[in-house]
Q: 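One structure follows; several queries about it will come next.
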Amino acid sequence: MSADESGRSSSDEPWPVRVVSQKVGAWIARLGWVWVDGQVAQISRRPGASTVFLTLRDPSADLSLTVTTNRDVLDAGAPELREGARVVLHAKPEFYAARGTLSLRADEIRQVGLGELLARLEKLKKLLAAEGLFDRARKRRLPFLPGRIGLITGRASAAERDVLTNAQRRWPAVEFRTVNVAVQGPGAVPQIVDALKVLDADPAVDVIVIARGGGSIEDLLPFSDEALCRAVFACRTPVVSAIGHETDAPLVDYVADVRASTPTDAAKRVVPDLAEELRLIRQARQRVERAVRNLVDREAHRLDGLRSRPVLARPQVMVEQRAADVTALRQRAGRTLHHRLGAAQDELRHTLARLRALSPAATLERGYAIVQRADGHVVRAAGEVGRGDALRVRLAEGELAATVDG
């Protein structure tokens with residue numbers, strides 16, 4: 001039977017299971033020996049048996065493989081191997097056709113030491129920092145009073161008790177939605193990531209707290225897992241990391257929006273202290289009352305000052321003052337007018353006197369007369385008339401007719 005590149009038989013006939021299994025086994029056999037990194041989920045040592053069975057789990061994914069090795073290989077490379085430890089092993093993939101299962105056969109096992117773990121964590125830390133997962137600009141502020149708090153922690157753990165007890169002591173009406181997960185071991189990361197997704201999808205949860213008590217670096221290793229860090233970064237809900245003690249610093253602390261030194265510190269950060277808030281409210285009310293009282297007193301003093309002024313104490317003073325001003329102005333106007341009329345009268349009198357002094361009538365009244373010829377010419381000299389000329393003599397009162405006779 002032959003097959004084309006797509007894996008189907010040239011005759012389009014179905015393959016028997018054994019053929020498929022054989023072909024899968026043949027393809028896996030060509031993979032050769034590989035180095036595999038993982039976390040030991042289970043160790044099975046049967047008394048008197050030379051074969052040891054391990055369950056190796058990927059810390060970042062819900063995936064595990066069975067590993068078989070010789071007891072001597074395990075004793076030589078990792079004699080103190082325990083569940084939860086990180087190992088690197090040299091193995092060859094094997095496919096068991098009868099059951100259709102894949103396993104690894106290891107000829108060398110090395111337990112990852114603390115120094116190598118720290119080096120890997122430091123390398124991962126630099127990678128996540130370069131991608132911006134630790135950027136302070138993206139960290140969100142916690143709500144002042146969350147309606148509901150999501151809590152991810154171990155079942156019946158001291159961390160759970162610390163968070164719940166201290167939060168309820170500070171704010172008795174606080175509500176929690178708690179998801180209990182494994183906080184160490186190979187199953188911790190998938191469970192925590194799933195819990196994060198559940199709480200982040202709940203619209204009633206305003207903040208999420210991930211809490212765990214203290215432990216060794218190996219115990220806290222799940223909280224430095226890359227998959228967990230990226231899950232925290234992807235959350236739309238603010239996340240508070242409360243892992244271990246003050247000196248512990250797993251990578252999730254750098255990704256979370258707020259890092260609490262302990263679970264108790266996380267409880268203090270996510271809810272306000274009711275007693276403290278009441279004290280602040282009392283202080284604020286006292287400050288407002290003092291400010292209002294001072295304002296009222298200041299305005300009362302200002303009103304008293306205004307009322308004590310004469311213009312408000314005796315409002316008629318203003319009218320009286322204006323009336324006095326009007327009277328004074330009228331008197332001054334009268335005096336000015338009288339003075340001007342007197343001056344004009346005197347001037348008119350003087351002018352009239354001068355006019356009278358210069359008037360011909362005044363001269364006539366002093367005994368003088370005006371002699372005119374018949375043509376009205378005024379005679380000023382005797383030579384201007386002759387014997388027999390008719391003259392008119394004008395006196396102060398009346399006229400005389402005369403004739404020149406000599």
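Values in this document were obtained by computation on a predicted structure and should not be read as measured data.
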Q: Side chain to side chain contact (heavy atoms under 4.5 Å, CB included) for Phe176 and Leu164? Distances and angles first, verdict last.
A: CA-CA 8 Å; Phe176 276 91; Leu164 296 178; 3.5 Å; yes
Q: Quick one: are Val379 and Leu391 in side-chain contact, heavy atoms under 4.5 Å?
A: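 Counting from C-beta outward, Val379 and Leu391 do come under 4.5 Å.
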Q: Determine the interplanar angle of the His90 and Trp33 rings, folded into 0 to 90°, and report it as parallel if under 30°, tilted if 30 to 60°, perpendicular if over 60°.
A: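 Because their plane-to-plane angle is under 30°, the rings of His90 and Trp33 count as parallel.
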Q: Quick test of your reading of the model: are Lys139 and Asp257 salt-bridged, counting only N-O distances below 4.0 Å?
A: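 Result for this pair is no, no salt bridge flagged.
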Q: Decide yes or no for Leu220 and Arg212: does some side-chain heavy atom of the first lie under 4.5 Å from some side-chain heavy atom of the second?
A: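 Yes, close enough: below the 4.5 Å cut-off.
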Q: Among Arg170, Arg169, Gln168, which one satisfies side chain to side chain donor-acceptor pair (under 3.5 Å) with Asn166?
A: Arg169
Q: Walk me through it: do Tyr368 and Arg394 pass the test side chain to side chain contact (heavy atoms under 4.5 Å, CB included)?
A: CA-CA 9 Å; Tyr368 293 92; Arg394 185 176 180 182; over 6 Å; no
Q: Of Val232, Val205, Thr237, which is the lone residue that meets side-chain contact (heavy atoms from CB on, under 4.5 Å) with Asp200?
A: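 In the set Val232, Val205, Thr237, the residue that makes a side-chain contact (heavy atoms from CB on, under 4.5 Å) with Asp200 is Thr237.
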Q: Do we see a donor-acceptor contact under 3.5 Å between the side chains of Gln39 and Arg57?
A: no
Q: Look at Lys268 together with Asp265 and state whether they make a salt bridge at an N to O cut-off of under 4.0 Å.
A: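 No, this pair does not count.
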Q: Distance only, no hydrogens: is a donor on one side chain within 3.5 Å (strictly under) of an acceptor on the other, for Arg330 and Thr327?
A: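 Result is no, nothing qualifies.
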Q: Return yes if some donor-acceptor pair links the side-chain N/O of Arg71 with the main-chain N/O of Arg46 below 3.5 Å, else return no.
A: yes
Q: Drop me the distance from Cys235's SG to Ile210's CD1, to the nearest 0.5 angstrom.
A: 7.0 Å
Q: Between Ala211 and Thr153, what is the shortest heavy-atom contact and its length?
A: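 Residues Ala211 and Thr153, closest heavy atoms: O-OG1, 3.1 Å.
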Q: Could Glu226 and Arg230 be called an ion pair, given the rule that one side-chain N must be under 4.0 Å from one carboxylate O?
A: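 Yes, Glu226 and Arg230 are salt-bridged.
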Q: So does Val181 get a backbone contact from the side chain of Gln191, meaning a donor-acceptor N/O pair under 3.5 Å?
A: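 Looks like no, no N/O pair under 3.5 Å.
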Q: I'd like to know if the side chain of Ser224 reaches the main chain of Leu251, judged simply by a donor and an acceptor atom lying under 3.5 Å from each other, with no hydrogens or angles considered.
A: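 Yes; at least one donor-acceptor contact below 3.5 Å.
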Q: Nearest 0.5 Å please: distance from the CZ atom of Phe233 over to the CG atom of Asp135.
A: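 Here the rounded value is 8.0 Å.
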Q: Would a 4.5 Å heavy-atom cut-off, applied to side chains only, mark Leu124 and Asp225 as touching?
A: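 Sidechains of Asp225 and Leu124: no contact.
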Q: Identify whether the distance between the nearest side-chain nitrogen and carboxylate oxygen of Arg279 and Glu277 falls below 4.0 Å.
A: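 Salt bridge flag = no for Glu277 with Arg279.
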Q: I need the minimum non-hydrogen distance between Cys229 and Val252, along with the two atoms involved.
A: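 Heavy-atom minimum between the residues: SG-N, 3.9 Å.
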Q: Test your reading of the model: is there a side-chain donor-acceptor pair from Ser308 to the backbone of Gly305, 3.5 Å cut-off?
A: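 Answer holds: yes.
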Q: Write down the atom of Ala91, the atom of Leu89, and the distance for their closest heavy-atom approach.
A: CB-CD1, 3.4 Å
Q: Taking all heavy atoms of Pro93 and all of Ile28, pick out the closest pair and write down the distance.
A: CB-CG2, 3.7 Å
Q: Can you tell me if Thr69 uses its side chain to pair, donor with acceptor, with the backbone of Ala106 under 3.5 Å?
A: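 It does hold such a pair.
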Q: Does a side-chain N-to-carboxylate-O contact under 4.0 Å join Arg86 and Asp37?
A: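 Counted as a salt bridge, because a side-chain N and a carboxylate O are separated by less than 4.0 Å.
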Q: What are the two closest non-hydrogen atoms of Gly213 and Ala159, and how far apart are they?
A: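 Gly213 and Ala159 have their closest heavy atoms at N-CB, 3.8 Å.
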Q: Does Val67 reach the side chain of Ser103, with side-chain heavy atoms less than 4.5 Å apart?
A: no
Q: Indicate yes or no: at least one non-hydrogen side-chain atom of Thr66 is less than 4.5 angstrom from one of Leu102.
A: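 SC-SC contact between Thr66 and Leu102 ruled out.
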